[in-house]
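I have placed the structure first, in the form of structure tokens, so that the comments after it can refer back to it.
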Amino acid sequence: MSEGKKSLNFIEQIIEEDLKGSYTEQELKFRFPPEPNGYLHIGHASSICLNFGLGERYNAPVNLRFDDTNPIKEEQEYVDAIKEDVVWLGFKWDKECYASDYFQQLYDWAVELIKSGNAYVDSQSSAEIADQKGTPTVPGAESPYRNRSVSENVELFEKMKNGETPEGAHVLRAKIDMTSSNMIMRDPVMYRSLHKKHHRTGDDWKIYPMYDWAHGESDFIESVSHSFCTLEFLPHRELYNWFISKISNNEDFIPKQREFARRNLSHTIVSKRKLLQLVENKVVNSWDDPRMPTISGFRRRGYTPSSIKKFADTIGIAKRENIIDVSLLEFCIREDLNKIAPRVMGVLDPVKLVITNYEDGEEWLDTENNPEDENAGTRKIPFSKELYIEREDFKEEANRKFFRLTLGKEVRLKSAYIIKGESVVKDENGNILEIHCTYDPKSKSGSGSEESLRKVKGTLHWVSISHAIKAEIRLYDRLFTVAAPDADKEKDFMDFINPDSLQVITGYVEPSLKDASVADKFQFQRIGYFCIDKESTSENLIFNRTVTLRDSWEKLN
RNA sequence: UGGCCUAUGGUGUAACUGGCAACACGUCUGUUUUUGGUACAGAAGAGUCUAGGUUCGAGCCCUAGUAGGCCAACCA
């Protein structure tokens, strides 16, 4: 098919211009550099799609690199989860890298910087260093240790490395400019001493490099051509370039850092720190709780990789702040599921319907699996005298806008017969216990009879009571009650938690669902898309509601 | 009160080296439909933060202002 010429985002434009300039296509190389201190979220999905998408577009390698320079927060569990998510999204990395693989090289370079007078060991407390940092409007002051001799610096740094000095006693700092208008350049810390076990290097190191002194160097080591990160790193670019200039020479291939705005999703948060808070405070059950905006949460909720990639593609990449409405994400998953999800019947809030003129016994009716997919075929579903229908699908009397069951009016039972409401049975409080109706035996769906072709205004879904399977249904709603929970200056985002983000109910589903397996996706007709949760068993089926169907009736109310 | 980034319909992105603002979502109307879903047809909705300037012509360039964001972890 013809593809309209798609406009390039600013990142792609940069690459196109580089390609016209001094870069060759063979030199292009990208990386996705997560820190393994939490699970990946929808914002990372954008970054993944950007970097790996660029890799596919230019046939360039993309490394998966773990930015594991902080052993306090990082764990192997997160490494594993991150890899699973990237694989699930359908991307292949070239090399699996770790910043910790470069610790020795980084150390050697640091010694070189010391020897060339570009770094020094500072023996002040972090508070003292912070004091001397100045403010955005006031220049910083130089450390009294700034002009230590090279030999003393080398000696101290080695002791730091060997753990012969106490934690926190010294740091290694780059010697740049304490008066720079860019505070990042005011003698940034390159190394801290930390006598902590690292999830990969164990006890090998007693000092750990800071982000700035690891990230660009990792890019350099891997010959990454373009290093994309979020906007808050923009002021770091100057330092990124400074460090690389100290370890490279003119013939070297120099990576280029560029920044884009992180993607924010409405009614949720995209901050690993805050997501961790939700997990630790048991607001949600886990990182992959279907209410979480994590990739694993969406996966468990029933989202597909292609829906997430479509979403990332649709929202694009730019430099301004943004809050993308969840309705766009929901559109993407509905669009995908509409094409692939088999249609089934399930009743979430049942009320008993008795067909008074239907004989005892059962019959198995044909119904199509997916009207959007002509190859999906049909299946049999059981029909009998006593059914469940949705409680909200009946009103004793209603106005003409109500297309559903009322007394005296006809509606169709999907794939079955046309029925007419006759009477209701109530308890002493007026609650409806049963609805009695009659059916037209000649109106059987698909029979082609004149009666079956009669136009009725409504069609209801249903299940046969004696055949239906009881199932646990988990209805999810947005986690926060406001679009931007972390934008309020006074209130904490925790104050906006939606108390009804999860509702667990018991529903009844058609018997064909008995053998459904984990992650299988279905459309419960007229209700929404559901998938089998990983906690589901054959004795206790559990469905997660991925998203409701669009509902133009609800809007009228 | 320093430096830097950003500013286009309700939301998100476009508009190639300046040439009467486009696409998607959302909203609203209809048509079709054994899902009030889907599909299809159509509509409303911004004159591009403000004020100057350059130009035959500016959303795109320049200046100033305004608004929002980022920067003072031994986090990333």
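We name chains A, B, ... by the order of the sequence lines, and we start the count at 1 in each one.
- Side-chain proximity of Pro136(A) to rC74(B), rC71(B), rA76(B): nearest is rC71(B).
- Glycosidic conformation of rG52(B): anti, with the torsion beyond 90° of 0.
- Counting non-hydrogen atoms under 4.0 angstrom, Val189(A) reaches the backbone sugars and phosphates but no base.
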(message) Protein within reach of the bases, or only the backbone? For nucleotides 12-18 of chain B, mark each nucleotide 5' to 3' as B, S or -, using heavy atoms under 4.0 Å.
(response) SBSS---

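- Here Lys380(A) pairs with Asp366(A) in a salt bridge; the nearest charged N to carboxylate O distance falls below 4.0 Å.
- Between the CG atom of Asp212(A) and the P atom of rA73(B) there is a distance of 13 Å, given to the nearest Å.
- Whole-Å rounding puts the Leu231(A) CG to rC70(B) P distance at 10 Å.
- Asp325(A) and Ser327(A) share a side-chain donor-acceptor pair at under 3.5 Å.
- For Glu335(A), the salt bridge (Lys or Arg N to Asp or Glu O under 4.0 Å) partners at least two apart in sequence or on another chain are Lys310(A).
- Comment: Arg146(A) engages Asp187(A) in a salt bridge, judged by a side-chain N to carboxylate O separation of less than 4.0 angstrom.
- When the C1' atom is used for both rG47(B) and rG57(B), the distance is 16 Å, rounded to whole Å.
- Between Glu35(A) atom CD and rA73(B) atom P there is a gap of 18 Å when expressed in whole angstrom units.
- Listed by first and then second residue, the salt bridge (charged side-chain N to carboxylate O under 4.0 Å, His left out) pairs involving residues 440-452 of chain A are Glu363(A)-Lys444(A), Asp440(A)-Arg454(A) (not counting sequence neighbours).
- Per the geometry, CE belonging to Met183(A) stands 13 Å off C1' belonging to rC70(B), to the nearest Å.
- Distance check on atom C1': rU13(B) versus rU6(B) gives 15 Å, rounded to whole Å.
- Rounded to whole Å, atom P of rC75(B) lies 15 Å from atom CG of Asp68(A).
- Using a 4.0 Å heavy-atom distance criterion, Phe233(A) is classed as a base contact.
- With sequence neighbours left out, Thr135(A) forms a side chain to side chain donor-acceptor pair (under 3.5 Å) with Thr137(A).
- Side chains of Asp67(A) and Tyr98(A): no donor on one and acceptor on the other come within 3.5 Å.
- With its glycosidic angle within 90° of 0, rA73(B) is assigned syn.
- rA67(B) sits 16 Å from rA51(B) when the P atoms are compared, rounded to a whole Å.
- With P as the reference atom, rA14(B) and rG2(B) are 31 Å apart, rounded to whole Å.
- Rounding to whole angstrom units, CD1 of residue Ile184(A) and C1' of rC74(B) are separated by 14 Å.
- What separates CG of Leu172(A) from P of rA73(B) is a distance of 18 Å, to the nearest Å.
- Comparing the same atom, P, in rG18(B) and in rC75(B) gives a spacing of 47 Å after rounding to whole Å.
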(request) Do nucleotides 29-49 of chain B as a string where each nucleotide becomes B, S or -: B if the base has a protein heavy atom under 4.0 Å, S if just the sugar-phosphate does, - if no protein is that close. (result) ----SBBBBB-----------

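- Counting non-hydrogen atoms under 4.0 angstrom, Thr69(A) reaches the backbone sugars and phosphates but no base.
- Using a 4.0 Å heavy-atom criterion, one finds that Tyr211(A) contacts the bases of the nucleic acid, with or without backbone contacts as well.
- Map Ser181(A) and Glu232(A) each onto its nearest nucleotide of RNA chain B; the residue landing nearer the 5' end is Ser181(A).
- Looking at Glu222(A) and Tyr102(A), their side chains do bring a donor and an acceptor atom within 3.5 Å of each other.
- Residue-level contact check: Ser327(A) touches the backbone only, with heavy atoms under 4.0 Å from sugar-phosphate atoms and none from bases.
- Going from the P atom of rC61(B) to that of rC5(B) covers 13 Å, rounded to whole Å.
- Here His215(A) lies out of heavy-atom contact (under 4.0 Å) with every strand.
- Residues Ile42(A) and Val270(A) meet the side-chain proximity criterion, which asks for heavy atoms closer than 4.5 Å.
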(message) Reading 5' to 3' and counting Watson-Crick or G-U wobble pairs with both distances under 3.5 Å, write the dot-bracket notation for RNA chain B, | for bases paired outside the strand.
(response) .((((((..((((.....[..)))).(((((.......))))).....(((((..]....))))))))))).....

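- rC62(B) sits 11 Å from rA58(B) when the C1' atoms are compared, rounded to a whole Å.
- In summary, Asp177(A) and Arg186(A) do not engage in a salt bridge, as defined by a charged side-chain N under 4.0 Å from a carboxylate O.
- A donor atom on one side chain and an acceptor atom on the other are not found under 3.5 Å apart for Tyr303(A) and Glu330(A).
- Residue contacts shown for Gln124(A) include a base, since a base heavy atom lies under 4.0 Å away.
- In this structure, CD of Glu75(A) is placed 16 Å from P of rA76(B), rounded to the nearest angstrom.
- A close approach under 4.0 Å does not occur between any side-chain nitrogen or oxygen of Arg173(A) and OP1 or OP2 of rC74(B).
- Nucleotides rA15(B) and rA73(B) are separated by 42 Å at their C1' atoms, to the nearest Å.
- Contact annotation: Lys489(A) reaches the phosphate of rG69(B) (side-chain N/O to OP1 or OP2, under 4.0 Å).
- Two residues are said to be in side-chain contact when any heavy atoms from C-beta on lie closer than 4.5 Å; Phe524(A) and Phe543(A) meet this criterion.
- When each of Phe383(A), Tyr388(A), Tyr417(A), Phe394(A) is checked for a ring pair (Phe, Tyr, Trp, His ring centres under 6.0 Å) with Trp462(A), only Phe383(A) meets the rule.
- Put simply, the side chain of Pro34(A) reaches to within 4.5 Å of the side chain of Leu40(A), judged on heavy atoms.
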